[in-house]
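Okay, structure first, notes after.
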Amino acid sequence: MKAYLELVCPAGTPAALRAAVDAGADAVYCGFQDCTNARNYPGLNFDRHELKSGIAYAHARGCRVFVAVNTFARAGDFGPWQRAVDDAAALGADAIIVADLGVLDYAARTYPKLRLHLSVQAAAASAFAIRFYRETFGISRVILPRVLAVEEIAALIGQTDIEAEVFAFGSLGTMVEGRCYLSSYITGRSPSMDGVCAPAEHVSYQEEGNCLVSRLGEVVINRFGPHEPAAYPTPCKGRYLVHGRPIYLFEEPIGLNVIPLLAELKAAGVTALKIEGRQRSRAYVSKIVGTFRAILDSLAQGKPLPAEAAELAGVAEGGRETFGAYARGWR
Amino acid sequence: MSNPAKSRLTLGPILFHWPNPRRRDFYARIADEAPIDCVYLGEAVCSKRLPWFEEDLPEIAARLRRAGKEVIFSTPALITTEQEAAGIQALLDAGETIEINDLACLHWVRGKRFVSGPLINVFHERALDVLRNHGARRVNMPVELSAAQIATLARHNRTGETEVFAFGRQPLAISQRCYHARAHNLHKDNCQFVCGLDADGLEVSELSGRALFAVNGTQTLSHGFLVLLDELAELQAAGVSHFRLSPHTLDMVEVAGIYRAVLDGTCSAEEANARLAERIAPIPFINGYLHARAGREWQPARPST
């Protein structure tokens, strides 16, 4: 059966990798345990030995492995990024996911046969940007920024003749990826160079009266009443005072779910769907990947959406969902 | 102090949506009175604003050039539409030098010399080399870098010109979503240009009441003003050649004079800080990124001995 859309799934740990493969992922993506990938959280990611085993496990079951080396190399310190590219290539990764001009340049020159996927962190939002990356570094695929509407995606694919991967489910960024400094402005650690947004060691929750106050460093990100679910204090999902009124100025704590738009995305020429969530549990990965597998298989056979599709509602961040920028009113 | 004659002051593009008369008056004074060497014109934040003032730009550019200033045209932080693309092509066709703020521009520059703007991610020497090989003649450092990282890049920068954002609210993020419109319960497609209501940005505070950000349409900036005066000598010594002042409604001619005096060594950084503080208080100064700290923090200079 020909895949309706390729299903690219998060593997934050070796256990999550096996769960995603077993649940029917067409590909998994993962990173090394350091600043070279954009989910550099304690307890996540792979050492070299784990990646070797993970690739063997996935390949034995017909699943591809993409390695994210998608942060920006720090001045005077190219070593970690060079090692990450070298090791991913040596261990047999099917592609590496890259954002930085310098890392792209190194990988393209050193491993001309290694597939390069342009990370969402590069935020290539136009056909012009994509053509630049394709002509300069020979990228095979672009992961599109989460700021485009479906009709823009269709236009862009039509103009570039490139594989496009889009985010389908999970956390939703509201800023152009790879160029957001809100977290480093508050904590001093850079999502772009350190690979971590709203690092856990800067997060605190405190009871104040009958409210729960979440902070990032010394900055109040939100205050929850007794009946409100408390969300993680990501700066772009915080509640702030504007004109004296508390509002979710940037975005609400809400998850992305594009299941109702899958046919439109397919028609737009999209190649692959990306499930966000390398920081999520094995059980979460198993459930989401299994459900998406069932949905995509049904659509491939021209059948209606299976009942499981509705079960994903409520699993998304904050228990609520949005189409994000894919639907125009978002802006 | 290392050869201050080589240090240039630049004036960044007006990031905010100012009415035309204010723009014209602003640039007239800059042309006549400000010790600024290079002026960036144009719209870097939201291309919906450009039609409001585009017609004035040739005359403003001519006047600035008659006053001996270099003029460079800034381009949008995020390019997605055909109109934005056409605008960049038109500038290049007219022989203008552009400042790129989205790498999509590299698709057009092809062999033409350009300036890499502060919104381009250049965190490492290899990235710098890629830009130079595509024709960069000057590279702006991202605002997130520390002084040590800037020094590493400036030493390596074979374009010969390294620019640092040295004054004004610090750009932190860009989006397709308009937060100004959102704060007024409007959509971007029918925004009514409410960003024009806040000539220095819309104040955004923590729930505790302490100001944190300033919103400017699709852009988020720091609330505090980045003020790099204590650090100028160190940055000059490290090879930074250009220092950028970002326009605000306070007297930018005076701000430029203060920076020029510190660069020339005719005014101490301490005195310059005090003069600026009179203009900016109660809004705080920030310089955290330069000192490898959180961007919103302020690192006071060590007491002089």
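Heavy-atom basis, side chains included; hydrogens, waters and symmetry copies ignored. Every chain is numbered from 1, with letters handed out A, B, ... down the list of sequences.
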(request) Applying side chain to side chain contact (heavy atoms under 4.5 Å, CB included), run through T220(B) and F250(A) and close with a yes or a no. (result) CA-CA 10 Å; T220(B) 306; F250(A) 305 118; 3.4 Å; yes
(message) Determine whether H243(A) and L202(B) satisfy the following criterion, side chain to side chain contact (heavy atoms under 4.5 Å, CB included), listing intermediate values before the conclusion.
(response) CA-CA 9 Å; H243(A) 298 132; L202(B) 168 61; 3.4 Å; yes
(request) Go through V204(B) and L241(A) one step at a time and tell me if the side chain to side chain contact (heavy atoms under 4.5 Å, CB included) criterion holds. (result) CA-CA 6 Å; V204(B) 177; L241(A) 291 176; over 6 Å; no
(request) Step by step, work out the side chain to side chain contact (heavy atoms under 4.5 Å, CB included) result for Q121(A) and N121(B). (result) CA-CA 10 Å; Q121(A) 298 298 319; N121(B) 281 346; over 6 Å; no
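Under a 3.5 Å cut-off, the side chain of T80(B) and the backbone N or O of A125(A) do not form any donor-acceptor pair. Side-chain atoms of Q149(B) do not come within 3.5 Å of backbone N or O of A75(A) as any donor-acceptor pair. When atom types are taken as modelled, the side chain of E125(B) and the backbone of G76(A) share a donor-acceptor pair closer than 3.5 angstrom.
With rounding to the nearest 0.5 angstrom, the CD1 atom of I186(A) is 11.0 Å from the CD atom of E297(B). Within the model, atoms CG of L249(A) and NE2 of H180(B) stand 9.5 Å from one another, a figure rounded to the nearest 0.5 Å. Residue L78(B) holds its CG atom at 6.0 Å from CZ of R179(A), rounded to the nearest 0.5 Å. Atom CD in E203(B) sits 14.0 Å away from atom OH in Y240(A) (nearest 0.5 Å). Atoms CD and OG1, on Q176(B) and T174(A) in that order, are 11.5 Å from each other to the nearest 0.5 Å.
Contact annotation for S190(A): both backbone and side-chain heavy atoms come within less than 4.5 Å of a heavy atom of chain B. E177(A) does not touch chain B: none of its heavy atoms, backbone or side chain, sits under 4.5 Å away. With a 4.5 Å cut-off on non-hydrogen atoms, S222(B) touches chain A through its backbone and its side chain both. Both the backbone and the side chain of V143(B) come within less than 4.5 Å of a heavy atom in chain A. Residue E82(B) touches chain A through its side chain alone, counting heavy-atom pairs closer than 4.5 Å. D77(A) touches chain B through its backbone: at least one of N, CA, C or O sits under 4.5 Å from a heavy atom, while the side chain does not. Proximity to chain A is limited to the backbone of R293(B), based on heavy atoms less than 4.5 angstrom apart. With a 4.5 angstrom heavy-atom cutoff, Q159(A) touches chain B only via side-chain atoms. Only the side chain of T136(A) has a heavy atom closer than 4.5 Å to any heavy atom of chain B. When heavy atoms are compared at a cutoff of 4.5 Å, I150(B) does not approach chain A at all. Looking at R155(B), there are no atoms closer than 4.5 Å to chain A (heavy atoms on both sides), in backbone or side chain. Using a 4.5 Å cut-off between heavy atoms, H134(B) contacts chain A through its side chain alone, with no backbone atom that close. Residue L119(B) touches chain A through both its backbone and its side chain, counting heavy-atom pairs closer than 4.5 Å. Residue H291(B): no heavy atom, backbone or side chain, is found under 4.5 Å from chain A. In this structure, chain A has a heavy atom under 4.5 Å from the side chain of V130(B), while its backbone stays farther away.
Taking the six-membered ring for Trp and thresholds of 30 and 60 degrees, Y181(A) and Y289(B) have ring planes more than 60 degrees apart, a perpendicular arrangement.
Cation-pi geometry between R126(B) and Y106(A) is not satisfied (NZ or CZ under 6.0 Å from the ring centre, within 45° of the ring normal).
The greatest number of non-hydrogen atom pairs below 4.5 Å with chain B, out of Y185(A), F72(A), F128(A), F78(A), is found for Y185(A). Of the listed residues (M193(A), R245(A), R239(A)), the greatest number of heavy-atom pairs within a distance under 4.5 Å of chain B belongs to M193(A). When D105(A), L182(A), I247(A) are compared by the number of non-hydrogen pairs under 4.5 Å with chain B, L182(A) comes out ahead. Contacts with chain A were tallied for L212(B), I286(B), T152(B); L212(B) has the most, counting heavy-atom pairs under 4.5 Å. Between chain B and the residues G188(A), S126(A), C180(A), A73(A), the largest count of heavy-atom pairs under 4.5 Å involves A73(A).
A heavy-atom distance below 4.5 Å is found between the side chains of Y248(A) and R182(B). Side-chain contact check for R74(A) versus S146(B): every heavy-atom pair is 4.5 Å or farther apart. In this structure, Y179(B) and V242(A) have side chains that are not in contact, with every pair of non-hydrogen atoms separated by 4.5 Å or more.
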